[in-house]
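Excluded from the calculations below are hydrogen atoms, water molecules and symmetry mates; all remaining heavy atoms, backbone and side chain alike, are included. Numbering of ligands and ligand atoms starts at 1, following listing order.
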Amino acid sequence: MLFQSPKGTKDVLPAEQPYWHYVEDTIRRVVRLYEYERLDMPVFEETELFQRGVGEGTDIVEKEMYTFKDKGGTSITLRPEFTAGIVRAYLQHGMSNLPKPVKVWAMGPVFRYERPQAGRYRQHTQFDVEALGEQDPAVDYEIMSIAWHLYEALGFKKLSFQINSIGCPVCRPNFLDRLVSYYKDHLNEVCEDCRKRLDKNPLRLLDCKNPQCQPAIQGAPPVIESLCDECGAHFQTLRAYLDDSKRQYSLNHRLVRGLDYYTKTVFEVWAQGIGAQNAVCGGGRYDGLAEAIGGPPVPAVGFASGMERIVLSLKEEEVDVPDTLRPRVYFAFQDEKAKKEGVRLLTTFHQAGVESIMGFGSRSLKAQLREANRRGARFAIILGDEELKNHTAQVKDMEGSTQESVPWDDLLTFIWKHEDG
Ligand code: HAM
């Protein structure tokens, strides 16, 4: 074969589409419940937006972006995430004049040049929710609730939150000083990457996955011990809401997330059955992002979830999803003459809004009925010589296996009457 889909990308074939429909329908239902509105942005932005927003020292900006010069010489990047673009749109369209928080959601492809593995793609699809313009920890709680609600509605089991607070520009420098001086005493115990992180992005020392670095991480000072009064109070209020909600959560000192814009709350939702990468989503507060890209301060919080990972887990956990494509009627014909009449009837069925298909080509009636069965049709409408003469059709109930003769003019009424039977 000459071509394959590019490495790290995937085709979503028709057989997998019912899972996607199910996830999308559930997402729409949940965001409507919390009154979030859809926002669509272009799939590419100016590169500097992500450099300044996501952060120069992050893996995403340093190694993973699809960046190119367009024909006008502008550096363009395929979005590696939604949040920076959403804040850009918020600032550009004066959305700060709307009632706050401004509550939006987005969905679409995201591009990261990563090492592909199960559940990790170079083009993946994100569902993203953001609340902008409000400092209140009750908004952090709402964002976390939406995530929880979604996975619960999708049928995920054993959910838990992982939470942490990584402070703000007031308290984080003190913490980083403590962290760096701790690590200076443990340099010979950590991997090569961690030694580089010490200068470049010390917070990320805490989420290194290398087994060699785990003892050093365990002994590292927890960030919440260094929070300023404001960050401490914010985190405490959020935890009180979580306590009351009875949703399971763990304080995870290692959770720092891989994007530079986070302040205060960071969280993930973990679930059973999604393998090594058991985070179904990740997010947090990012009160400094709007300023980082040239705007006024805009406190905000949100999360994003990879749809491919959701679909993968639904399949692994054998969650039943509704079959979205199941014709109600299959038209089958004995010969070309009958087919001509059938094509006319099929048009009236489509106009009446009945999902109907027909047997194409010149196959035997038996072969057509086999196809009707394979496609899961509820009824087969069969036309032959006899039926043409009488202006009737044989309607075969594919589930009950009964068959009866129905006049053409009564066919639609017959199907409607029996559609749930
Ligand atoms: P993130 O953790 O980088 O956060 O990505 C969010 C989610 O996207 C992950 O939890 C994962 O489900 C999915 N994901 C990420 N990379 C891949 C990949 N290569 N293949 C498949 N799925 C992937 C963000 O992007 C932030 N913008 C989230 C956020 C929104 N924070 C505040 N608001």
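- When each of Lys264, Arg257, Glu130 is paired with Tyr286, the side chain to side chain donor-acceptor pair (under 3.5 Å) condition holds for Glu130 and for no other.
- Between the side chains of Trp20 and Glu24, no donor-acceptor pair is found at a separation under 3.5 Å.
- Heavy-atom contacts from other residues, nucleotides or ligands closer than 6.0 Å to CG of Asp229 number 12 or fewer.
- Of all the listed residues (Tyr286, Tyr262, Phe267), Tyr262 holds the heavy atom that lies closest to atom 28 (C) of ligand 1.
- Contact check on Glu114 versus Arg120 returns a salt bridge, with a Lys/Arg side-chain nitrogen under 4.0 Å from an Asp/Glu carboxylate oxygen.
- Here the heavy atom of the protein found nearest to atom 7 (C) of ligand 1 is Ala304 O, 3.5 Å.
- Residue Val110 does not touch ligand 1, judged by heavy-atom distances below 4.0 Å.
- When Met307, Glu268, Glu114 are ranked by how near their heavy atoms come to atom 19 (N) of ligand 1, first place goes to Glu114.
- Taking a cutoff of 4.0 Å between a charged side-chain nitrogen and a carboxylate oxygen, Lys200 and Glu56 do not qualify as a salt bridge.
- Residue-level proximity to ligand 1 for Val280 is carried by the backbone, the only part with a heavy atom below 4.0 angstrom.
- The nearest protein atom to atom 11 (C) of ligand 1, hydrogens excluded, is given as Arg309 NH1, 3.4 Å; this is a heavy-atom distance.
- Scanning the protein for heavy atoms near atom 32 (C) of ligand 1, the closest one is Gly302 O, 3.2 Å.
- For ligand 1, the atoms sitting less than 4.0 Å from at least one non-hydrogen atom of Gly282 are 10 (O), 28 (C), 29 (C), numbered in the order shown with element in parentheses.
- Under a 4.0 Å N-O distance rule, the pair Asp40/Arg38 qualifies as a salt bridge.
- For Ser226, the side-chain hydrogen bond (donor to acceptor under 3.5 Å, both in side chains) partners at least two apart in sequence or on another chain are Arg178.
- For atom 25 (O) of ligand 1, the nearest protein heavy atom (residue, atom name, distance) is Arg112 NH2, 3.0 Å.
- When Gln117, Glu130, Gln126 are ranked by how near their heavy atoms come to atom 8 (O) of ligand 1, first place goes to Gln126.
- Considering Gly306, Ala106, Gly119 only, the shortest heavy-atom separation from atom 21 (C) of ligand 1 involves Gly119.
- For His124, a nitrogen or oxygen atom sits less than 3.5 Å from a nitrogen or oxygen atom of ligand 1, counting backbone and side chain alike.
- Of the options Phe111, Phe82, Tyr113, Tyr261, the smallest heavy-atom separation from atom 26 (C) of ligand 1 is shown by Tyr261.
- Between Phe111 and His124, the ring centre distance reaches or exceeds 6.0 Å.
- Between Phe267 and Tyr249, the ring centre distance reaches or exceeds 6.0 Å.
- Distances from atom 27 (N) of ligand 1 to the heavy atoms of Glu64, Arg257, Glu81 show the closest one on Glu81.
- Take Arg112 and apply the salt bridge (charged side-chain N to carboxylate O under 4.0 Å, His left out) test, not counting sequence neighbours, and it matches no residue.
- The protein heavy-atom contact nearest to atom 20 (N) of ligand 1 is Tyr121 N, 2.9 Å.
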